[in-house]
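What follows is one structure encoded as structure tokens, with my remarks underneath.
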Amino acid sequence: MDIKYDPTAIELKWQTYWEEKKLFQVTEDPSRKKYYLLEMFPYPSGRIHMGHVRNYTIGDVVARYKRMRGYNVLHPMGWDAFGMPAENAAIAKKVHPAKWTYENIDYMRSQLKKMGFSYDWDRELATCDVDYYKWEQLFFVRMYEKGLVYQKEATVNWCPACQTVLANEQVEAGLCWRCSSEVTTREMPGWFLKITAYAEELLEYCDRLPGWPERVMTMQKNWIGKSYGANIIFQLENSTEQIKVFTTRPDTVFGATFMTLAPEHPLAVKLSRGTPQEKTVDEFVQRVRKQDMIARTADDTEKEGVFTGGYCINPVTGARMPIFVGNFVLMEYGTGAVMAVPTHDQRDFEFAHKYGLPLIVVVQPPEGGLAPETMTAAYVNPGIMVNSGQFNGMDNEQAKRAIADYLASIQKGALAVTYRLRDWGISRQRYWGNPIPMIHCPACGIVPVPEKDLPVILPLDAEIPESGESPLPRLESFTNTACPKCAGPARRETDTMDTFMESSWYFDRYACPDCNTAPLDPAKVKYWLPVDQYIGGIEHAILHLLYSRFFTKVLRDMNMLEHNEPFTNLLTQGMVIKDGSKMSKSKGNVVDPDDLLSRYGADTVRLFSLFASPPERDLDWSDQGVDGSYRFVNRLWRLFFDHPDMIKASPAEYDPGQLTPELKRLDRKIHQTIRKVTDDIDKKFHFNTAIAACMELFNLTAGLCPVVPVGDPGRDVIKMAIDTLIVMLSPMIPHMTQEMWATMGRSDDLVDLPWPKYDPERAKEDEIQLVIQVNGKLRSRLTIAVDTDEEEIKQRALEDEKIVTFIGGAAVKKVILVKNKLVNIVI
RNA sequence: GCGAGAGUGGCGGAACUGGCAGACGCACUGGACUUAGGAUCCAGCGGGCAACCGUAGGGGUUCAAAUCCCCUCUCUCGCACCA
């Protein structure tokens, strides 16, 4: 027949067919098991990159595979469409963020379609659509009513390049998560979501998500950072005021000899008022607070502090403790005040030495001998209580509880738990985002926009100034409004929401994208959610995944949905790298999907993305490797189209018992390959080994094809092998396999074909190459029938010519036989 | 520093529960076909002439170790003054 493989034509043909037939459109069907497969939706930056190609190819194979396994598969796609780059483009290219965004979406959608992904495009959504973001405003107002939203003046992370506030999660090692600029701090009002109200549940459920990678769970647990300890109250000297501290070491309170406050602590400056230290303290506090996040949290920043002039009283010893301000104490954690126990905390130890403060040992190691004069470092291991009144002699672990109880009895403290997790600051001083539906009234204060007045529409007639600042505060048509309570003149909030808000519930909305009476349709959400398999990059291990878990719980508590966790299984795929590093313009190692598509077609690109490495590992992009995949695809094509009899309909049934040995081998290989491919995809998503197995089957088939003449009954086995390959490879290379299928005159769509089954009997080997070892070293082989009698095997092994020479005259000490594997003769 | 993961040919990567190390692919070498080959097909391909040696290095357990245990080294990722 000699038909040249022309991927572009074939791919367009089938993509059009799929689209016109709406083959991937799905609806709820209670009679079938659903499977919700989701890949993280992209930011519409302009064009898709290789990371998307890989992520979405992996997802598409799983979606198509599950569908062939009989599931009703939901596989949607959309756009995370609010965000800074649109504003940057507006300045650089003089194009409105909306126009820029929607044009990008159009182009990227066409790219995804060219890849042949099986999305239900009818569910497509863009988060910058009013019909999407208006519901988020409703959530916001309801959360406000539930006390989960509040505004406060706070020290916030500020990215000078993005000119906006960042949440704690969005600062990575002191740098902005998006642009890597150094983050500074600022005092400003902002809106916060009370994610801390869910800290305990978020933590607890970490252990109930067995389908998540261990390391993601660990990162989330560490981020939430639960610590057990106690709060302890210290009375100020000559004052009724108190300082509360949190400590994980209540057992060491008898050794607390001074106090350290965060520079932001209200008492820090107050205590020095009217003392000789006033000026020093003010200067110190000012200096530390001005430092950026990096300098302040860097490893090598020296611990320093100043005396405030104030004292407090140790509640158990009555000792007078000087109060310091220290640069290493964080206002955000605990209470912003630390009781310092220099003998049992390394930081306090160093601080005490620097400023000549007293040391009292209160936990003595089992071997004893710990004394303040000879200590070179804090002792932080377990031990026996000393210098601690009635607690002396107690094991220090027990003393934690005992001392906390004692403090409670004298009303000076209690057991306490503290989390590292902070509330989520969601205010962004940006234009291209979801407006926060709040109104500031000079008379009534903060008033939420009533639900009936929602949505607050982001005005599209705004122009972004050269400076990059948000135009909203100066846009009077937007800011001027009437107070919903008193009808007096009022001003709209001009901050917009963090774009992570939109990505925290888009997966719910996919279940009911057209619902226009409510954000979510409970019945549809109940059918589809939670997501069975979520796939995306590890870079969202905390950010997006933690926020989404939080949102799910909030929406659950608003009775919008019923499940507790959004993603049952999570696959974090590795990066696509080239020449040893991540693809980037500056390195000049970027591979453009469009180039690949025009040169090789989608099937080859998909195949290589899957074949080059298992999904969770980084993928090393290799141009020559792509050639290899292209070669395989061509060989498959030719084996089919170069043999006219292959093109004819289905193979006839044949009796495997009647086959020649070599064809029987092929029949066996077919069944073994189905088993292997099914296992690899189902259990581990290891497409690379699944494809390798298909290649093996192909190689065997192609080798046999010329030696089994047309008309020979054996052709049916060959035909069966090709048929099976087409079906099994169809999730990976859907276009060409469908073309081959149709060429055979078959009218079914491969996506709806049942996944092939294997016959375990036919997959069984009847002969085994048994390995014979002498003292654990390979010396000979023996071909035996499966399940040959053990004695017979031993006998034959010992009689083997090579083995006889190896053993020589030596006495055989032992013969170990591993069934159907090997014989090891020990001499 | 703490925590997690990884280290296998020239390269990407295979190897079930300890049982033939290197599947599959790339690169490379030789050959065939050819005006030509960056197409295709066939053969070879860890090192060593060999005995043998080989899964980062060293020790151990075992009849048998890439796989289990101990020590060391290297790389990647995460956390990093969290009281």
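Chain letters run A, B, ... following the sequence lines, proteins first and then strands; every chain starts at 1.
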Do the side chains of A/Leu267 and A/Ile323 get nearer than 4.5 Å, heavy atoms only? no
In chain order, what residues pass the side-chain contact (heavy atoms from CB on, under 4.5 Å) check against A/Leu639, with sequence neighbours excluded? A/His643, A/Phe698, A/Thr701, A/Ala702, A/Cys705, A/Ile722
For A/Lys303 and B/C81, is the shortest distance between a side-chain N/O and OP1 or OP2 below 4.0 Å? no
Side-chain N,O (A/Arg420) to OP1/OP2 (B/A80) below 4.0 Å: yes
Residues A/Arg347, A/Asp345: salt bridge by 4.0 Å N-O rule: yes
Identify whether any heavy atom of A/Thr248 sits under 4.0 Å from a base atom; if not, whether one sits that close to sugar-phosphate; answer base, sugar-phosphate or nothing. sugar-phosphate
Gap between atoms CD and P, on A/Gln346 and B/G1 respectively (whole Å): 15 Å
A/Asp207 side chain near A/Lys221 side chain, heavy-atom distance below 4.5 Å: yes
With the 90 degree cut-off around zero defining syn, does B/G9 come out syn or anti? syn
A/Lys777 NZ to B/C63 C1', in whole Å, measures 13 Å
Could you list the residues that satisfy side-chain contact (heavy atoms from CB on, under 4.5 Å) with A/Val812, not counting sequence neighbours? A/Leu798, A/Ile807, A/Val815, A/Ile825, A/Ile827
Pairing residues for A/Thr335 by the side chain to side chain donor-acceptor pair (under 3.5 Å) criterion, not counting sequence neighbours: none
Could you state the atom-to-atom distance from NZ of A/Lys582 to C1' of B/U76 in whole Å? 14 Å
Calculate the interatomic distance between A/Glu169 atom CD and B/C79 atom P; express it in whole Å. 11 Å
Round to a whole Å and report the spacing from CG of A/Asn222 to P of B/A4. 10 Å
For nucleotides B/G54 and B/G47, find the distance between their C1' atoms and express it as a whole number of Å. 7 Å
What is the distance from CE of A/Met732 to P of B/C24, rounded to the nearest Å? 17 Å
Sorted by number, residues from residues 211-221 of chain A placing a heavy atom under 4.0 Å from RNA chain B are A/Arg215, A/Met219
Gap in Å between the two P atoms, one belonging to B/G30 and one to B/G12, rounded: 25 Å
Output yes when a side-chain donor or acceptor of A/Thr257 lies under 3.5 Å from a complementary backbone atom of A/Pro358, and no otherwise. yes
Using the C1' atom as the reference point in each nucleotide, state the distance between B/A65 and B/C20 in Å, no decimals. 14 Å
For a quick check of understanding: with a heavy-atom distance under 4.0 Å over all strands, which category does A/Asp348 fall into, base, sugar-phosphate or nothing? nothing
Taking the ring of A/Phe632 and the ring of A/Phe611, is the distance between their centroids below 6.0 Å? no
note: A/His265, atom NE2; B/A83, atom C1'; distance rounded to Å ~ 13 Å
So, do A/Phe324 and A/Leu357 sit near enough that their side-chain heavy atoms are less than 4.5 Å apart? yes
Any donor-acceptor N/O pair, A/Arg549 side chain to A/Leu202 backbone, under 3.5 Å: yes
Among residues 678-690 of chain A, which residues get a heavy atom nearer than 4.0 Å to RNA chain B? A/Asn688, A/Thr689
Short N-O contact, A/Arg215 and A/Glu616, less than 4.0 angstrom: no
Tell me what A/Ser227 touches on the nucleic acid: a base, only sugar-phosphate, or nothing, going by heavy atoms under 4.0 Å. sugar-phosphate
Take atom CD1 of A/Ile691 and atom C1' of B/A14, then tell me their distance rounded to the nearest Å. 14 Å
Using the test side-chain contact (heavy atoms from CB on, under 4.5 Å), find all partners of A/Pro615 that sit at least two apart in sequence or belong to another chain. A/Ile58, A/Leu571, A/Phe685, A/His686, A/Phe687
Scan A/Gly334 against the nucleic acid and name what it touches under 4.0 Å (heavy atoms): base, sugar-phosphate only, or nothing. nothing
Side-chain donor-acceptor contact under 3.5 Å, A/Glu350 with A/Gln346: yes
So, the side chain of A/Asn634 versus the backbone of A/Tyr5: is there a donor-acceptor pair under 3.5 Å, distance only? no
Span that lies between the P atom of B/C77 and that of B/G37, in whole angstrom: 46 Å
A/Arg401 versus A/Leu415, closest heavy-atom pair with distance: NE-CD1, 3.5 Å
In short, side chain to side chain donor-acceptor pair (under 3.5 Å) pairs touching residues 618-627 of chain A with sequence neighbours left out are A/Tyr600-A/Asp627
Indicate yes or no: does A/Glu304 engage A/Lys354 in a salt bridge with an N to O separation below 4.0 Å. no
Contact summary for A/Gly255 and A/Val362, nearest pair of heavy atoms: N-CG1, 3.5 Å
With rounding to the closest Å, how many angstrom separate the C1' atoms on B/U34 and B/G46? 35 Å
Where protein sits on nucleotides 38-49 of chain B, one letter per nucleotide: B base, S sugar-phosphate only, - none, heavy atoms under 4.0 Å: --SS--------
How far does the C1' atom of B/U61 sit from the matching atom of B/C11, given to the nearest Å? 35 Å
How far does the P atom of B/G25 sit from the matching atom of B/A14, given to the nearest Å? 15 Å
When you measure from the side chain of A/Arg54 to the backbone of A/Gly574, do you find a donor-acceptor pair of N or O atoms at a distance under 3.5 Å? yes
If I pick the C1' atom on B/A27 and the same atom on B/G19, what distance separates them, to the nearest angstrom? 32 Å
Restricting to side-chain contact (heavy atoms from CB on, under 4.5 Å), what partner residues turn up for A/Thr805, sequence neighbours left out? none
When every non-hydrogen atom of A/Lys400 is compared with those of A/Pro250, the smallest separation belongs to O-CG, 3.6 Å
By nearest-nucleotide position on RNA chain B, the 5'-leaning member of A/Thr418 and A/Asp627 is A/Asp627
So which one's nearest nucleotide on RNA chain B is more toward 5', A/Glu696 or A/Arg249? A/Glu696
Name the closest nucleotide to the A/Pro614 side chain, picking from B/C82, B/G25, B/G13. B/G13
Identify each atom pair where a protein N or O and an N or O of nucleotides 19-22 of chain B are less than 3.5 Å apart, giving names and distance.
unit_1 : atom_1 : unit_2   : atom_2 : d
B/C20  : O2     : A/Arg781 : NH1    : 2.2
B/C20  : O2     : A/Arg781 : NH2    : 3.2
B/C20  : N3     : A/Arg781 : NH1    : 3.2

For nucleotides 8-12 of chain B, tabulate all protein N/O to nucleotide N/O atom pairs closer than 3.5 Å, reporting atom names and distance.
unit_1 : atom_1 : unit_2   : atom_2 : d
B/G12  : O2'    : A/Ala612 : O      : 2.8

Where are the stems of RNA chain B, defined as at least 3 consecutive Watson-Crick or wobble G-U pairs with both distances under 3.5 Å? B:1-7 with B:73-79, B:10-12 with B:24-26, B:28-32 with B:40-44, B:56-60 with B:68-72
